[in-house]
Amino acid sequence: MNRINESVPQEFILLGFSDRPWLELPFFVVFLISYILTIMGNLAIIIVSRLDSKLHTPMYFFLTNLSFLDLCYTTSTVPQMLVNICSLRKVISYGGCVAQLFISLALGSTECLLLAVMSFDRFAAICRPLHYSIIMHHKLCLQLAAASWVSGFSNSVLQSTLTLQMPLCGHKEVDHFFCEVPALLRLSCVDTTANEAELFFISVLFLLIPVTLILISYAFIVQAVLRIQSVEGRQKAFGTCGSHLIVVSLFYGTAIYMYLQPPSPASKDRGKMVSLFYGIITPMLNPLIYTLRNKDVKGAFKRLIARIFLIKK
């Protein structure tokens with residue numbers, strides 16, 4: 001019993017950048033503003049996609065899933081980070097750490113697959129426009145979304161279980177902002193080579209394979225767009241796909257850097273900054289990218305605002 005108590009701490013200390021206290025106020029401001037913008041932006045996309053009948057299409061069905069996912073993802077980590085920055089004791093309970101690990105990993109894995117599904121939707125819309133409604137029927141959209149969510153949560157169950165089974169021998173200082181697999185593996189007092197190999201293999205499945213499929217689909221999309229005679233149609237296609245590619249570059253680029261590089265002491269601080277980027281900045285930028293570069297969404301916002309003012313009058 002004593003060995004179990006020593007191995008599993010009651011709480012973890014999230015170090016973050018506590019060795020650089022002058023960074024805490026700037027980080028707090030950035031995290032708070034980013035979180036507020038994330039909540040407002042993603043909620044706005046969910047609401048306008050549901051209320052505007054012109055956005056009841058597969059593309060915006062998947063975009064609604066992405067926005068809901070980003071809302072939950074940031075909420076699983078950012079509030080605790082804000083509390084810890086303001087506290088002298090930067091702690092999280094063992095149960096809180098387990099919940100944070102499981103939820104953030106599940107949602108991150110789901111997003112890896114969901115972005116690939118969204119690229120397939122754009123491929124079907126642009127490369128097979130006459131058959132689009134037949135290919136992307138409502139049942140298939142539901143199946144693809146459900147498969148992404150189920151696969152993401154299944155991966156999280158596996159990864160979380162393997163990570164939490166590692167003996168910690170009383171170590172409880174997590175050199176990170178939140179509970180994440182690479183940071184928790186560094187706490188273990190036994191050889192983690194097998195866990196790191198397994199994490200690398202899963203990361204290939206959830207990161208490299210989806211991003212490869214996305215790049216292949218967009219190679220076909222570019223060919224199809226260049227054949228469009230209408231300048232307006234070409235601009236609309238490039239605008240829609242361009243916004244998706246920006247999201248893909250931001251998310252996969254930082255996640256691949258974090259999960260597919262060999263662990264080393266020199267990369268810990270860089271890893272913390274990178275994780276902030278895909279964990280906080282990317283969910284905040286997603287709504288801005290999709291709204292600022294998308295005429296359909298901007299038009300839907302204008303119609304919604306016009307309806308609100310008409311109701312008030």
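Here the closest heavy-atom approach between residue Tyr60 and residue Leu55 is recorded as CB-O, 3.1 Å. Taking every heavy atom of both residues into account, Leu107 and Tyr73 meet most closely at CD1-N, 3.4 Å. Leu162 approaches Asn195 most closely through the heavy-atom pair O-ND2, 3.4 Å. In plain terms, the two heavy atoms of Glu180 and Met258 that are nearest each other are OE1-CE, 3.6 Å. Between Ser188 and Thr192, the closest heavy-atom pair is CB-CG2, 3.7 Å.
Judged by distance alone, with hydrogens and angles left aside, the side-chain atoms of Thr74 form no donor-acceptor pair with the main-chain N or O of Tyr35 at under 3.5 Å. Proximity of a side-chain donor or acceptor of Gln100 to a complementary backbone N or O of Ser76 within less than 3.5 Å is detected. Ser87 places no side-chain N or O within 3.5 Å of a backbone atom of Lys90 that could act as its donor or acceptor partner. Under the 3.5 Å distance criterion, the side-chain polar atoms of Ser156 are left unmatched by any main-chain donor or acceptor of Gly152. Asn155 contributes no side-chain N or O that, together with a main-chain N or O of Ser151, makes up a donor-acceptor pair within less than 3.5 Å. No donor-acceptor distance shorter than 3.5 angstrom exists from the side chain of Asp121 to the backbone of Val117, with no hydrogens or angles considered. Using modelled atom types, one side-chain atom of Asn42 and one backbone atom of Pro283 make a donor-acceptor pair closer than 3.5 Å. In this structure a side-chain-to-backbone donor-acceptor pair under 3.5 Å is present from Ser119 to Ala116. Between the side chain of Ser148 and the backbone N or O of Thr110, no donor-acceptor pair lies under 3.5 Å.
Summarising the geometry, atom NE2 belonging to His137 is positioned 10.0 Å from atom CG belonging to Leu142; distances are rounded to the nearest 0.5 Å. Distance OG1/Thr212 to CG/Leu207: 10.0 Å, rounded to 0.5 Å.
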Under the side chain to side chain contact (heavy atoms under 4.5 Å, CB included) criterion, do Asn286 and Thr38 qualify, and how do the steps go? CA-CA 8 Å; Asn286 282 351; Thr38 300; over 6 Å; no

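In the hydrophobic clustering, where aliphatic and aromatic side chains (Ile, Leu, Val, Met, Phe, Trp, Tyr) are joined below 4.5 Å either directly or transitively, Leu15 groups with Ile13, Val91.
Using a 4.0 Å cut-off between charged side-chain N and carboxylate O, Arg186 and Asp175 make no salt bridge. Taking 4.0 Å as the cut-off between side-chain N and carboxylate O, Glu11 and Arg89 count as a salt-bridged pair.
Taking the six-membered ring for Trp, Phe153 and Phe102 have ring centres closer than 6.0 Å.
A continuous path of hydrophobic side-chain contacts links Leu184 to Val157 [ILVMFWY only; heavy atoms under 4.5 Å].
Ring geometry for Tyr278 versus Phe251: interplanar angle over 60°, hence perpendicular rather than tilted (30 to 60°).
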